[in-house]
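Please read the structure below before turning to the comments.
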Amino acid sequence: MLQISAIRDQFDDYVKGLEKRGIQNAAETLKNVIKIDEDRRATQQRLDDLLAQSNQIAKQIGQLIQSGKKDEAEKAKKETAELKQQSKELGPQLQEIEARLTEALYNIPNIPHTSVVAGKSAEDNEIVKQVDDNIPNLPDTAKPHWDLIEEYDIIDFELGNKVTGAGFPFYKGQGARLNRALVNYFLDEALKAGFTEVQPPILINESSGYGTGQLPDKEGQMYQVIESNLYMIPTAEVPITNIYRDVILNAEQLPIKNVGYTPCFRREAGSWGSHVRGLNRLHQFDKVEIVEINHPDTSYDTLDKMVAHVEQLVKGLGLPYRILRLCGGDMGFTSALTYDFEVYSAAQKKWLEVSSVSNFETYQANRLKLRFKGDDGKKILAHTLNGSALALPRIVAALLENNQGTDGIAMPEVLHPYLGFKSITKN
């Protein structure tokens, strides 16, 4: 969440930033937060004054008793009792104001980086790079992946629907091996790049959801285990970043680089509709996530390196791709700057998003109370970053469609050691 001090010091810039996201009445929203904070500070000051008065008078009582001034001592005791009662009444008021302030801050998104343009939707995103000279020229008989998976019997949506519901497919035979091969390839490449592998839980508590910003913004998109008040993760970003919740690091520990593979769960459309058919959108999918905790001075250099890392993965798979810098209106709630990767699906003749790489600056760290000690010993909020490296379903869809042939579906050379075969063939 945003810092009150930063809202005060950079008020005009923050208003412009929120307006980039299309937020109406941005100035009034921030002024309201400042007003609540002023109430909090005034109430805290009043409480501190009462406690100070009470402590000062309490010290005098003993002196009055020793001096034989019992009447004055009794009067002082009554005064301290009144002050303590006023303090007791102010305590809940202060807690209520602090809760209102926290709630107000939770509902304000991050301020976009200066490079982010204003915009309302995906149509306003900027294409910063496009590599499409390897788009295959498929024959008219080419099939979309939802037909190919049936023909080669590698993914079963009907069985998933029977066992669980729409959007929970079974991967079978060579399809399961392809999924596993991609996970291992992505993990191995991350390890080569200096990331440490972790295997986190796929359930998180409420505090973790608030820590990385899924709550209160995205509770409707997450599956919840109501009896235990736990949530199934939408991405490995959440448990991995929360490793450092309430942690004070030393500057020498930065950067911290972690990578994790997990299944991910999202309550979004998983039907066979026109734009969500097959693997295009699922309720459960596999993803490898890279997460970094970084020094504020170097976090944007790190973001560029993370983008380059994802780019070499897509290149290795031989897929046409493009990189987009998201506009204010299409960017995630917690992000300051996001780059999306899309690969071209030749049979569907459209671009499919397969990765988002983001810098959250201090927004998550402030929620997490994730800090490090600077050279002067002062505690500084760290910057957090993460990226999909990569999400599997649409990668699989593009690989199947783009590489289909008359005698099978050719697999990228980088996957051969993981697969144990070079092409998906019919049994």
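For this chain, numbers begin at 1 and follow the sequence in order. Just so it is clear, the values below take in all heavy atoms, side chains as well, and ignore hydrogens, waters and symmetry mates. As the structure is a computational prediction, the values presented were derived from the model and not from experiment.
Relative ring orientation between His283 and Tyr223 is described as perpendicular, the plane-to-plane angle rising above 60° on a 0-90° scale split at 30° and 60°. Using bins of under 30°, 30° to 60° and over 60° for the plane-to-plane angle, the ring pair Trp351/Tyr344 lands in the perpendicular bin.
Summarising the local packing, CD of Gln85 is surrounded by more than 12 heavy atoms from other residues, nucleotides or ligands at distances under 6.0 Å. At most 12 heavy atoms of other shown residues, nucleotides or ligands fall within 6.0 angstrom of atom CD in Glu413. No more than 12 heavy-atom neighbours from other residues, nucleotides or ligands sit within 6.0 angstrom of NZ on Lys16.
At a threshold of 4.5 Å between non-hydrogen side-chain atoms, the residues Ser335 and Asn110 do not count as touching. Looking only at side-chain heavy atoms (C-beta outward), Val307 and Phe341 come within less than 4.5 Å of each other. No side-chain heavy atom of Tyr339 sits less than 4.5 Å from a side-chain heavy atom of Val310. Side chains of Thr334 and Thr212 form no contact here, defined as non-hydrogen atoms less than 4.5 Å apart. For the pair Asn229/Gln224, a side-chain contact is recorded, criterion being any heavy-atom separation below 4.5 Å from C-beta on. Residues Arg281 and Arg394 meet the side-chain proximity criterion, which asks for heavy atoms closer than 4.5 Å. In this structure, the side chains of Ile111 and Lys20 stay at 4.5 Å or more apart for every pair of heavy atoms. At a threshold of 4.5 Å between non-hydrogen side-chain atoms, the residues Ile240 and Thr262 do not count as touching.
Between Gln93 and Thr43, the side chains place no donor N or O within less than 3.5 Å of an acceptor N or O (distance only, hydrogens not considered). A donor and an acceptor atom, one from each side chain of Glu82 and Gln86, are nowhere located under 3.5 Å apart. Side-chain N/O atoms of Glu28 and Asn32 include no donor and acceptor closer than 3.5 Å. A side-chain donor-acceptor contact under 3.5 Å links Asp340 and Ser356. For the residue pair Asp188 / Tyr418, a side-chain donor-acceptor distance below 3.5 Å is found, with atom types taken as modelled. In summary, the side chains of Thr362 and Asn366 do not present any donor paired with an acceptor at a separation below 3.5 Å, with no hydrogens or angles considered. Gln45 and Asp49 share a donor-acceptor pair across their side chains, judged by distance under 3.5 Å alone.
When Glu342, Glu353, Glu311 are each tested for a salt bridge (Lys or Arg N to Asp or Glu O under 4.0 Å) with Arg322, only one passes: Glu342.
Checking side-chain atoms of Asn242 against main-chain N and O of Ser208 turns up a donor-acceptor pair under 3.5 Å. Asn386 contributes no side-chain N or O that, together with a main-chain N or O of Ile290, makes up a donor-acceptor pair within less than 3.5 Å. Looking at Ser228, its side chain never comes within 3.5 Å of a backbone N or O of Leu230 through a donor-acceptor pair.
Between Ala104 and Ile36, the closest heavy-atom pair is CB-CD1, 4.2 Å.
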In a table with atom names and distances, give each donor-acceptor pair under 3.5 Å that connects a side chain of residues 251-258 to protein atoms at least two apart or in another chain.
residue: Gln253; atom: OE1; partner: Asn250; partner atom: N; Å: 2.8
residue: Lys257; atom: NZ; partner: Ala193; partner atom: O; Å: 2.7
residue: Asn258; atom: ND2; partner: Tyr244; partner atom: OH; Å: 2.8

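The ring of His383 has its center no closer than 6.0 angstrom to the ring center of Tyr300.
Every ring pair (Phe, Tyr, Trp, His ring centres under 6.0 Å) that Tyr210 has, sequence neighbours left out, goes to Tyr106.
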